[in-house]
Amino acid sequence: MKKSFKKAIACLLAVLMVAFSMPFSALAAPGDYEPDLQLQFSTFYDADEGEPGSKSATSSTCYQYSGLSAFPIKYDAVNGTLKATKEDINAYNEYYETDPVDEDWNLGVGDVFAVTIRLDNVDIAASGNFNIRFSDNLTPAGLGSYTYKEGKKEKTGYSIFNENNKPEGYSSDIVGFRKPVSDWSASSLYEGMNDTILGDLSCIQEDPTAVDGDGWNDLMMTATLVCQGDHIDVSSVDSALGFFDIKNGTMDEENGYTYPNEFIMATFVFEITGDGPVKFALQDPDGTKDPKLNGAVYFAKKSETLDVEAATTYAHNTYIRETDSQGGDTEWPGSMKMTFMGENTNRVDITFKNADGTVIESKTYAKGAEITAPELPATVVTDDTHTTYAWDSEVQATAQEAATYQVVATTENHNFTDGKVTKHASCSEEGEMTFTCSCGKTKIEKIAKDAHTPGEAVRENEVPATCKAEGSYDEVIYCTVCNAELSRTTKIIDMLDHTPAAAVRENEVPATCTATGSYDEVVYCSECSDELSRETKTIDKIDHTPAAAVRENEVPATCTATGSYDEVVYCSECSAELSREAKTIDKIDHTYSSVVTAPTCTAKGYTTYTCSECGDTYVGDYTDKIAHKSDKGTVTKKATYTATGVKTYKCTECGKVLKTETIAKLPKKTNPIVAKGKTVSIKASAVKKKAQSITKAKAFSVTKAQGKVTFKKSSGNSKITVSSAGKITVKKGLKKGTYKVKVKVKAAGNTTYKSATKTVTVTIKVK
């Protein structure tokens with residue numbers, strides 16, 4: 001960090017310590033906050049005139065329905081233009097019963113607008129300092145008063161103008177110019193939250209880095225806020241200051257605005273006083289000018305991060321220590337977390353791609369941080385070529401600007417060196433000469449074999465001789481060194497005589513119980529199977545073979561009479577009848593069919609059995625009664641807000657009452673109370689003399705309340721009290737001004753409705 005920036009931050013810390021007497025120390029690195037510093041644009045004009053751009057003010061309070069209470073203005077940062085759409089304008093005009101417009105409002109020279117500095121993506125805030133430059137065609141503006149004569153009488157008028165074009169008879173600034181508009185700034189919006197307040201040091205001031213002729217104004221917006229307590233919680237803010245939702249373009253009279261996790265810091269007013277694009281930028285975001293303020297500094301909590309080296313900023317990734325004995329540059333963890341309107345020029349995107357364009361790695365670096373390139377692919381080797389890989393350009397050592405690097409492949413033919421003998425030749429194997437390329441690829445060439453040494457002849461592949469064919473064998477000579485075959489000669493073996501085998505039976509015709517049989521007795525050679533002799537033989541007849549007994553002439557038995565049959569035995573070979581005997585069949589069992597009568601919740605179940613042949617019947621197999629079946633229940637006594645009810649359950653089959661249940665009393669309804677605070681004016685001269693009372697009817701609008709209504713003051717000037725009956729008392733001596741009193745309105749409820757509380761704001765103007 002440069003010395004001048006350290007001085008600027010030291011000034012901010014000094015203001016915090018003097019204002020609130022808090023000791024600070026470096027307790028922690030920045031939290032998980034990634035704040036986005038945003039600009040929110042809106043209109044600033046006299047709403048009573050009904051036309052966008054009107055500057056003629058009707059009163060000192062005309063601006064109250066501008067800014068965050070009016071329609072939004074859209075900012076095109078690329079082209080530097082400001083525009084309000086007719087849809088947003090007409091939503092606003094419709095609510096205030098003003099004639100609609102037919103076209104968008106494109107702001108130009110002479111038009112006035114409000115710009116709100118907003119910090120998004122934060123739920124708590126302790127303090128911060130933000131310097132924002134604006135183009136030299138913008139001039140601070142606001143609402144001022146002037147005097148003029150109407151006849152002989154001098155009157156006060158009001159007008160919206162820039163600080164360099166004050167009207168004749170100018171009297172005083174009322175709102176705007178080089179001060180923030182309090183109604184739309186943090187010190188007013190978050191007053192009393194977390195039992196603390198924000199000290200507002202925001203302003204438009206001289207830019208110490210200004211350079212003539214560079215297109216930027218010599219002034220800059222500064223939003224500087226300090227928190228009396230530890231922090232303000234903005235995670236869920238409901239500020240009923242107006243009706244128009246400037247971000248979504250809708251009206252909401254009941255709820256007002258909600259800006260969760262968005263910290264509204266300060267609102268300023270400008271007039272477009274020259275041609276050209278309207279521009280905004282952080283002051284010196286790159287830290288190249290003096291004093292080096294580096295744009296923006298944010299503190300989440302005093303108790304954790306209120307130390308410059310632990311702040312969240314928009315700045316370089318390193319700073320230079322001034323008094324540190326270590327010296328040199330030191331990382332600042334919070335410097336890369338903040339963006340301005342979604343961007344941070346101190347962050348650099350570096351991408352590495354494969355040769356086919358696919359992304360290997362895409363990473364965001366802090367500007368100036370060391371870049372680590374991914375590993376390049378390994379060299380690819382084929383039979384004929386080798387391919388090496390490199391980046392298409394030299395990778396920068398540190399991240400200075402966004403860049404994309406792509407892998408480039410280079411393919412070359414192999415270049416082999418002089419060969420070396422890597423295997424010597426023998427009589428059994430060739431030798432090898434190896435050649436090597438620079439990529440490691442090798443090529444091998446063969447070396448011729450040596451001569452063989454013959455050994456003694458041996459027999460191989462011998463085929464023995466038989467009685468049918470000659471035999472043979474190979475006479476082979478091998479090398480005695482490597483055992484390689486040097487010669488092979490085939491030799492013949494003479495045939496052998498036949499060898500008779502045992503006689504066998506062939507063409508056999510078996511004998512039966514009615515005829516003789518026959519067969520051939522044959523002798524074969526046991527070696528070659530040639531037939532040597534054949535003789536026909538006779539086989540004698542055989543006896544009858546009884547088959548299994550069979551039934552004939554069968555009369556089936558029934559469940560009421562016996563049956564009969566003949567048991568006959570035949571020869572299994574010739575079918576001749578060998579024996580026959582009459583047999584008796586016993587009666588058979590009854591053949592029963594069954595009919596099941598199911599049990600009910602009032603009677604048992606049973607089964608009736610009946611013979612299908614003779615009709616014999618009997619009853620048996622009894623089953624127990626079944627359980628009663630309950631219905632879904634009927635309300636026999638309805639529950640009320642004061643008494644329980646009864647629900648009765650019966651059997652769906654027989655109607656018997658099975659059980660009863662108690663129905664809980666009805667829950668009380670939400671109290672429909674509607675409460676609103678009113679604006680009441682009293683004379684300062686009356687308050688100066690004595691205390692003044694304001695009736696409940698003048699101060700409040702309470703409708704639909706159920707039960708007794710009571711009132712209790714929750715915040716506001718100590719000289720303003722509120723009784724439980726809603727009577728407001730302004731104590732003697734309260735000075736002129738506008739005072740807001742927050743009051744809790746409670747409806748006690750009754751037997752039907754719950755109690756409920758509403759907080760309303762009563763505005764008291766002492767004139």
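Being a predicted model, the structure only gives us computed values, none of them experimental.
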message = Can you tell whether the side chains of Glu432 and Lys446 come within less than 4.0 Å, N to carboxylate O?
response = yes

task = State, to 0.1 Å, how close Ala557 and Asp586 come at their nearest heavy-atom pair, and which atoms those are.
result = CB-O, 3.0 Å

inquiry  = Within the structure provided, determine whether Lys537 and Ser518 are in side-chain contact (heavy-atom separation under 4.5 Å).
reply    = no

message = Using a 3.5 Å distance criterion without hydrogens, assess whether the side chain of Asn354 forms a donor-acceptor pair with backbone atoms of Gly357.
response = no

request  = Answer whether the closest heavy-atom distance between the side chains of Ser572 and Pro546 falls below 4.5 Å.
outcome  = no

query = Asp566 and Asn553: side-chain donor and acceptor closer than 3.5 Å?
reply = yes

query = Can you list every pair that meets salt bridge (Lys or Arg N to Asp or Glu O under 4.0 Å) and has a residue in residues 610-628, with sequence neighbours left out?
reply = none

ask   = Does the side-chain contact (heavy atoms from CB on, under 4.5 Å) test come out yes or no for Leu376 and Val407, once each step is laid out?
value = CA-CA 8 Å; Leu376 286 164; Val407 174; 4.2 Å; yes

request  = Step by step, work out the salt bridge (charged side-chain N to carboxylate O under 4.0 Å, His left out) result for Glu430 and Lys423.
outcome  = CA-CA 8 Å; Glu430 294 177 322; Lys423 181 180 179 182; over 6 Å; no

task = Find out whether Val359 and Thr351 are in side-chain contact, i.e. whether some heavy atom of one side chain is under 4.5 Å from a heavy atom of the other.
result = yes

request  = Flag the pair Cys513 / Cys571 as yes when at least one side-chain heavy-atom distance between them is below 4.5 Å, and no otherwise.
outcome  = yes

ask   = Is Glu456 atom CD crowded by more than 12 heavy atoms from other residues, nucleotides or ligands, each under 6.0 Å away?
value = no

query = For Ala639 and Ile663, which heavy atoms make the closest approach, and how far apart are they?
reply = CB-CG2, 3.8 Å

remark   = What one should report as the nearest heavy-atom pair of Tyr473 and Arg459 is CE2-NH2, 3.2 Å

query = Which residues satisfy the ring-ring contact (aromatic ring centres under 6.0 Å, His included) test with Tyr609, sequence neighbours excluded?
reply = Tyr618

key: Expected output: side-chain Ser594 to main-chain Thr608 donor-acceptor under 3.5 Å   = no

query = Would one find more than 12 heavy atoms of other residues, nucleotides or ligands at under 6.0 Å from atom NZ of Lys74?
reply = yes

key: Residues that Thr388 engages under side chain to side chain donor-acceptor pair (under 3.5 Å), provided they are two or more places apart   = none

query = Do other residues, nucleotides or ligands put more than 12 heavy atoms under 6.0 Å from the CG atom of Asp497?
reply = no

task = Please check if the side chain of Thr516 supplies one atom and the backbone of Lys541 the other of a donor-acceptor pair under 3.5 Å.
result = no

ask   = With sequence neighbours left out, what residues match Lys668 under salt bridge (charged side-chain N to carboxylate O under 4.0 Å, His left out)?
value = none

query = Of all residues at least two apart in sequence or in a different chain, which pass the salt bridge (charged side-chain N to carboxylate O under 4.0 Å, His left out) check with Glu581?
reply = Lys583

task = Give a yes or no on this: more than 12 heavy atoms of other residues, nucleotides or ligands lie within 6.0 Å of atom CD of Glu370.
result = no

message = Run Thr339 and Asp36 through side-chain hydrogen bond (donor to acceptor under 3.5 Å, both in side chains) and show every step you take.
response = CA-CA 5 Å; Thr339 55; Asp36 180 27; 2.9 Å; yes

message = Distance alone, cut at 3.5 Å: any donor-acceptor contact between the side chains of Thr398 and Gln400?
response = yes

inquiry  = Side chains of Gln406 and Asp392, heavy atoms from C-beta outward: is any pair under 4.5 Å?
reply    = yes

Residues that Lys665 engages under side chain to side chain donor-acceptor pair (under 3.5 Å), provided they are two or more places apart = none

request  = Give the C-alpha distance, both sets of side-chain angles, the deciding distance and a yes or no for salt bridge (charged side-chain N to carboxylate O under 4.0 Å, His left out) between Glu527 and Lys468.
outcome  = CA-CA 8 Å; Glu527 298 298 325; Lys468 293 285 286 183; over 6 Å; no

Residue Glu375 excluded, over 12 heavy atoms near CD under 6.0 Å = no

request  = Carefully, step by step, assess Thr387 and Thr411 under the rule side-chain hydrogen bond (donor to acceptor under 3.5 Å, both in side chains).
outcome  = CA-CA 4 Å; Thr387 303; Thr411 302; 2.9 Å; yes

remark   = Quick note, ring-ring contact (aromatic ring centres under 6.0 Å, His included) partners involving residues 396-430, not counting sequence neighbours, are Phe352-Tyr405, His386-His414, His414-Phe416

request  = Assess the side chains of Thr385 and Asn413: does a donor N or O sit below 3.5 Å from an acceptor N or O?
outcome  = no

inquiry  = Do Asp384 and Thr382 pair up side chain to side chain, a donor and an acceptor below 3.5 Å, judged on atom types alone?
reply    = no

inquiry  = So which atom in Leu486 and which in Pro454 form the shortest heavy-atom distance, rounded to 0.1 Å?
reply    = CD1-CA, 3.4 Å

query = Does any non-hydrogen side-chain atom of Ser472 lie less than 4.5 Å from one of Glu462?
reply = no

request  = Not counting sequence neighbours, list each pair that qualifies as a ring-ring contact (aromatic ring centres under 6.0 Å, His included) and has a residue in residues 526-571.
outcome  = none

Contacts of type side chain to side chain donor-acceptor pair (under 3.5 Å), residue Asp349, not counting sequence neighbours = Thr364

request  = Sorted by first residue and then second, give each salt bridge (Lys or Arg N to Asp or Glu O under 4.0 Å) pair with at least one member in residues 469-480; sequence neighbours left out.
outcome  = Asp474-Arg488

ask   = Does Glu460 CD have over 12 foreign heavy atoms under 6.0 Å away?
value = yes

ask   = Just wondering, do Thr434 and Lys420 contact through their side chains at under 4.5 Å, heavy atoms?
value = no

inquiry  = Tell me whether Lys441 at atom NZ has more than 12 heavy atoms from other residues, nucleotides or ligands lying less than 6.0 Å away.
reply    = yes

remark   = Scanning both residues in full, the closest heavy-atom pair of Cys574 with Thr514 reads CB-CG2, 4.0 Å

request  = Mind checking side chain to side chain donor-acceptor pair (under 3.5 Å) for Glu661 and listing every partner two or more places apart, or none if nothing turns up?
outcome  = Tyr649, Lys659

key: Flag if over 12 foreign heavy atoms under 6.0 Å of CG, Asp356   = yes

message = Pairing donors with acceptors under 3.5 angstrom, does anything connect the side chains of Thr480 and Thr453?
response = no

Quick one: side chains of residues 629-637, donor-acceptor pairs under 3.5 Å with protein atoms, not counting sequence neighbours, listed by atom name and distance.
{"from": "Asp631", "atom 1": "OD1", "to": "Gly633", "atom 2": "N", "distance (Å)": "3.1"}
{"from": "Asp631", "atom 1": "OD1", "to": "Lys650", "atom 2": "N", "distance (Å)": "3.1"}
{"from": "Thr636", "atom 1": "OG1", "to": "Val646", "atom 2": "O", "distance (Å)": "3.4"}
{"from": "Thr636", "atom 1": "OG1", "to": "Thr648", "atom 2": "OG1", "distance (Å)": "3.1"}

note = Residues Ala465 and Leu496: closest non-hydrogen pair is O-CD1, 3.4 Å

request  = Kindly indicate whether the side chain of Lys449, heavy atoms from C-beta on, has any atom under 4.5 Å from the side chain of Glu429.
outcome  = no

